[in-house]
Amino acid sequence: MNQEKAKEFYSAYLEGSLDAGLRQSFEQKLSTDTALRADYDAFVSAVTSLDWLKAETIEVPSYLSDRIATRIEEARNLKQKRGIFGWLTPGRWALVGLATVAIVGVCLSIVNQEGRGTSMASFFGMVPAVTVPNAKLIEDGTQVSIVPSSTQAGSVTFDAKTILLKSKIVQPLKNSQSVPDVFTIQISGEREITYVIVPGTQRQPSRKGSGTMLEFAKALSGVYSVPVQVRMSDVSKTVTWNFNGEDPRVAATQALDPNLVAVDLQTSGGVGLIRSSYLISILDH
């Protein structure tokens with residue numbers, strides 16, 4: 001499988017709809033082609049950024065409706081005095097065009113507050129927003145954050161400290177240690193707890209071991225320097241692992257029973273929205 005052919009399977013692989021034979025061939029190509037791996041990671045990051053737009057709410061300024069009503073009333077008065085188009089001289093047509101672009105620009109700036117993205121407006125319409133990813137895979141760790149939806153709240157516990165979550169507020173999950181750290185996330189009204197393991201500043205060398213699902217997730221995060229989400233009914237289940245290759249998703253899939261556990265990429269798991277460029281999700285079937 002060459003690079004161009006592999007790129008055709010990005011979406012199907014990310015969605016988990018690629019058949020077994022193609023998936024194996026694709027994963028083998030990813031593990032041996034560093035350029036393709038970097039391009040695929042960039043694709044995942046872009047898709048994640050677009051996914052984030054579903055949770056966004058556009059707040060319209062309170063003064064906007066009054067200002068529009070005033071302008072309409074002024075235009076109606078001029079129309080009655082001069083006819084429908086009498087007041088629109090060539091120069092005024094140009095001003096109307098500039099005003100339209102300015103209004104579009106103002107609306108776009110409202111949508112893109114807080115560094116959510118950059119959009120452009122032109123005489124040909126709106127160019128879609130280019131959203132800056134909230135987090136990206138870096139050499140010595142991964143930045144991760146969580147933001148509950150408008151109807152959710154809850155808490156994050158780590159290092160014996162608890163931080164209350166507020167709906168629609170981004171809460172970074174930062175780990176400055178050299179080894180992975182576990183963040184316990186509890187959303188109000190949900191019985192199940194979600195664990196997010198954020199890698200430390202150094203990759204861990206040990207690829208073999210055995211222990212609980214949380215210990216397995218920490219080992220996976222440490223070896224591959226990726227965040228791992230665990231959302232299972234029993235995290236005390238024991239597992240033995242021996243990580244091979246360079247793809248953490250493949251390594252996790254090989255170590256776990258596919259009849260009991262699903263391994264996905266970039267899944268929020270029903271807990272608000274966990275944002276990261278590469279998130280391994282381990283979930284009950």
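For clarity, every value in this text was computed on a predicted model and none was experimentally measured. FYI, the numbering just counts along the sequence from 1.
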Subject >> side chain to side chain contact (heavy atoms under 4.5 Å, CB included) assessment of Leu165 paired with Ile146 >> reply: CA-CA 9 Å; Leu165 290 172; Ile146 178 173; 4.2 Å; yes
Do [X] and [Y] have side-chain atoms, one donor and one acceptor, less than 3.5 Å apart?
X: Arg203; Y: Ser225; value: no
X: Thr201; Y: Ser178; value: no
X: Ser281; Y: Gln229; value: yes
X: Gln254; Y: Asn244; value: no
X: Tyr10; Y: Asp39; value: yes

For residues [X] and [Y], determine if any side-chain heavy atom of one lies less than 4.5 Å from a side-chain heavy atom of the other.
X: Leu164; Y: Ser155; result: yes
X: Ile282; Y: Leu256; result: yes
X: Pro227; Y: Ser221; result: no
X: Tyr278; Y: Pro248; result: yes
X: Ile197; Y: Asp181; result: no
X: Leu279; Y: Ile274; result: yes

Original post:
Are the aromatic ring centres of Tyr195 and Phe158 under 6.0 angstrom apart?
Top reply: no
Original post:
Quick one: which of Thr212, Val223, Val182 gives a side-chain contact (heavy atoms from CB on, under 4.5 Å) with Lys218?
Top reply: Val182
Rounded to the nearest 0.5 Å, what's the gap from [atom1] on [X] to [atom2] on [Y]? Could you check?
X: Leu283; Y: Glu192; atom1: CG; atom2: CD; value: 8.5 Å
X: Asp159; Y: Ser176; atom1: CG; atom2: OG; value: 8.0 Å
X: Ile185; Y: Leu173; atom1: CD1; atom2: CG; value: 5.5 Å
X: Met232; Y: Thr194; atom1: CE; atom2: OG1; value: 12.0 Å
X: Gln186; Y: Thr162; atom1: CD; atom2: OG1; value: 11.0 Å

For [X] versus [Y], what's the shortest heavy-atom pair and its separation?
X: Phe216; Y: Ala252; result: CZ-CA, 4.0 Å
X: Pro172; Y: Val170; result: CD-O, 3.7 Å
X: Val239; Y: Ala255; result: CG2-O, 3.6 Å
X: Arg37; Y: Asp247; result: NH1-OD2, 3.3 Å

Does any N or O in the side chain of [X] come within less than 3.5 Å of the main-chain N or O of [Y], such that one atom is a donor and the other an acceptor?
X: Asp234; Y: Ser236; value: yes
X: Asn175; Y: Val198; value: yes
X: Asn242; Y: Lys208; value: no
X: Gln204; Y: Gln202; value: yes

Original post:
Is Arg249 close enough and on-axis enough to Tyr224, meaning under 6.0 Å and within 45°, for cation-pi?
Top reply: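 Because its charged atom misses either the 6.0 Å distance or the 45° angle limit, Arg249 does not stack over Tyr224.
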**OP:** State yes or no: do Ile169 and Val147 share one hydrophobic cluster built from I, L, V, M, F, W and Y residues joined by side-chain heavy-atom distances below 4.5 Å, directly or via other members?
**Re:**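 Ile169 does not cluster with Val147.
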Subject >> Phe183 with Ile163, same ILVMFWY side-chain cluster at under 4.5 Å >> reply: yes
Heavy atoms from other residues, nucleotides or ligands near [atom1] of [X] exceed 12 (cutoff 6.0 Å):
X: Lys7; atom1: NZ; value: yes
X: Gln24; atom1: CD; value: no
X: Gln28; atom1: CD; value: no

Original post:
Is it true that Glu8 and Lys5 have a side-chain N and a carboxylate O under 4.0 angstrom from each other?
Top reply: yes
**OP:** Run the salt-bridge test on Glu190 and Arg231 with the 4.0 Å N-O cut-off and return the result as yes or no.
**Re:**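 Salt bridge between Glu190 and Arg231, a charged N being under 4.0 Å from a carboxylate O: yes.
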**OP:** Would you sort out whether Ile280 and Leu265 count as a side chain to side chain contact (heavy atoms under 4.5 Å, CB included), showing the intermediate values?
**Re:** CA-CA 5 Å; Ile280 301 291; Leu265 283 178; 3.6 Å; yes
**OP:** Go through the steps to decide whether Val261 and Lys237 satisfy the test side chain to side chain contact (heavy atoms under 4.5 Å, CB included), and finish with yes or no.
**Re:** CA-CA 11 Å; Val261 181; Lys237 292 178 180 178; 5.9 Å; no
**OP:** With salt bridge (charged side-chain N to carboxylate O under 4.0 Å, His left out) as the test, would you mind laying out the steps for Lys29 and Glu4 before giving the verdict?
**Re:** CA-CA 11 Å; Lys29 182 66 176 175; Glu4 293 306 313; over 6 Å; no
